[in-house]
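These notes are about the structure you will find just below.
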Amino acid sequence: MLTIKNPRELTSILNRDRDQGKRIGFVPTMGYLHEGHLSLIRSARKENGIVVVSIFVNPIQFGPYEDFKRYPRNLKMDQRLLKQARVDYLFAPSTNSIYPKGFRGFIDPGPLARYLCGPKRPGHFRGVATVVNRLFRIIQPDRAYFGAKDYQQAKIIEDMIRKFRLPIQMKICPIVREKNGLAISSRNQYLSKKERIRARSIYRSLTEARKQIRLGEQRAERIKKIIRQILLNYVDKVDYIEIVNPKTCAPIEQVKSSALLAVACYLGSTRLIDNLLVKR
Ligand code: PAF
């Protein structure tokens, strides 16, 4: 595996690979890799001749009081995992090479960012759309792999691909969970042992809501109440509980055909998100 820092160097290497008829699969990450990332990489490995993984902790997607500085980083450990996963290129750019002086290519994340995490994390999705667009321009992948845990992020990127008519196939891969249901995330490592146990309630609240939907409950307010009642016993603060249209991320009042149940909450100072797509 080659680790490349310079965007131009990566673009020219990938141009050569493309000229040889190889398809390029791309997995963007912020590093501190876990089983969730590895499952994306495995899908990319199966479907493409070349696999590129980026590691870049993108400063502009963090709010002023968020965890940019303490976000976990361990490049050596990541490189080991990527080699084992038979990744071809690790792209680990500097902040200056992604955002050169005078950078103005900010991307509006569009209407999907109005809901869920959008209002709670102002500027976050603008930062995500901007960096992913920048990475797409450098790598020009045939396929890009995102996890469904960040469902809204994936939908925003899908929308951006459509809007800019980028020739990229978007792959949204299932959430990877621990045996107890907790969605795997780099931020789980902030949790104490006790918080980690309490965090299981997030998935439990979502599956209980799904059970009630399957038993016939359609009213979003009732479904949110079921989730809230479970969460309030275990988490320190509920940031939001929403029942939304999976296409637009806009809240719905009745679950008719399908719905996304989405939750954001705090355990201590750690903010976790999770979701469940439910079809009736
Ligand atoms: O999901 C993430 O890790 C990040 O938001 C992403 C897509 C790598 C952009 O920085």
Side-chain angles (χ1 to χ4, degrees), residues 7 10 25-41 43-44 51-63 66-75 77-78 81-82 87 89-99 103 105-110 112-113 116-118 120-139 141 143-161 164 166 168-176 183-190 249 262 264 270-275:
L10 181 63
F26 173 45
V27 183
T29 82
M30 298 206 295
Y32 213 75
L33 303 174
H34 51 61
E35 194 44 44
H37 298 116
L38 295 177
S39 78
L40 302 180
I41 293 168
S43 302
V51 176
V52 185
V53 173
S54 65
I55 295 184
F56 179 65
V57 185
N58 175 33
I60 69 164
Q61 72 183 71
F62 290 81
E66 292 186 353
D67 54 346
F68 173 66
K69 281 213 174 111
R70 74 169 183 137
Y71 196 83
R73 295 159 168 91
N74 189 339
L75 189 62
M77 179 189 82
D78 288 344
L81 290 171
L82 293 175
V87 165
Y89 307 118
L90 162 61
F91 181 44
S94 66
T95 305
N96 279 345
S97 65
I98 293 296
Y99 303 120
F103 176 83
F106 295 100
I107 303 294
D108 176 356
L112 282 150
L116 302 174
C117 290
K120 299 284 179 181
R121 301 186 68 190
H124 169 68
F125 288 123
R126 179 178 187 256
V128 170
T130 301
V131 78
V132 173
N133 183 59
R134 182 88 179 89
L135 294 166
F136 279 174
R137 307 273 167 186
I138 294 165
I139 293 162
R143 302 187 182 91
Y145 297 79
F146 289 80
K149 188 178 82 67
D150 297 305
Y151 182 92
Q152 186 177 16
Q153 161 174 288
K155 288 308 225 190
I156 288 170
I157 302 302
E158 195 174 59
D159 194 44
M160 181 181 82
I161 289 175
F164 293 145
L166 302 176
I168 300 172
Q169 196 183 344
M170 178 74 179
K171 297 276 187 164
I172 305 180
C173 305
I175 299 179
V176 179
I184 292 181
S185 154
S186 303
R187 288 191 169 100
N188 290 355
Q189 67 98 33
Y190 298 147
C249 290
T270 307
R271 184 177 184 273
L272 298 180
I273 58 170
D274 199 353
N275 68 75

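Values below: every heavy atom of this structure, side chains too, minus hydrogens, waters and symmetry copies. First listed ligand is number 1; within each ligand, the first listed atom is number 1. These figures come from a predicted structure and were not determined experimentally. For reference, positions follow the sequence shown, starting with 1.
Near V131, with a cut-off below 4.0 Å to any heavy atom, the atoms of ligand 1 are 9 (C), 10 (O). For ligand 1, the atoms sitting less than 4.0 Å from at least one non-hydrogen atom of T29 are 8 (C), numbered in the order shown with element in parentheses.
The side-chain heavy atoms of Y151 and I175, taken from C-beta on, include no pair separated by under 4.5 Å.
Minimum heavy-atom separation, R134 to I98: NE-O, 2.7 Å.
Between K149, Q61, Q153, it is Q61 that holds the heavy atom closest to atom 10 (O) of ligand 1.
Ring planes of F106 and Y99: parallel class, angle under 30° (limits at 30 and 60°).
Looking only at heavy atoms of the protein, atom 3 (O) of ligand 1 is closest to M30 CG, 3.6 Å.
R73 contributes a side-chain N or O that, together with a main-chain N or O of Y71, makes up a donor-acceptor pair within less than 3.5 Å.
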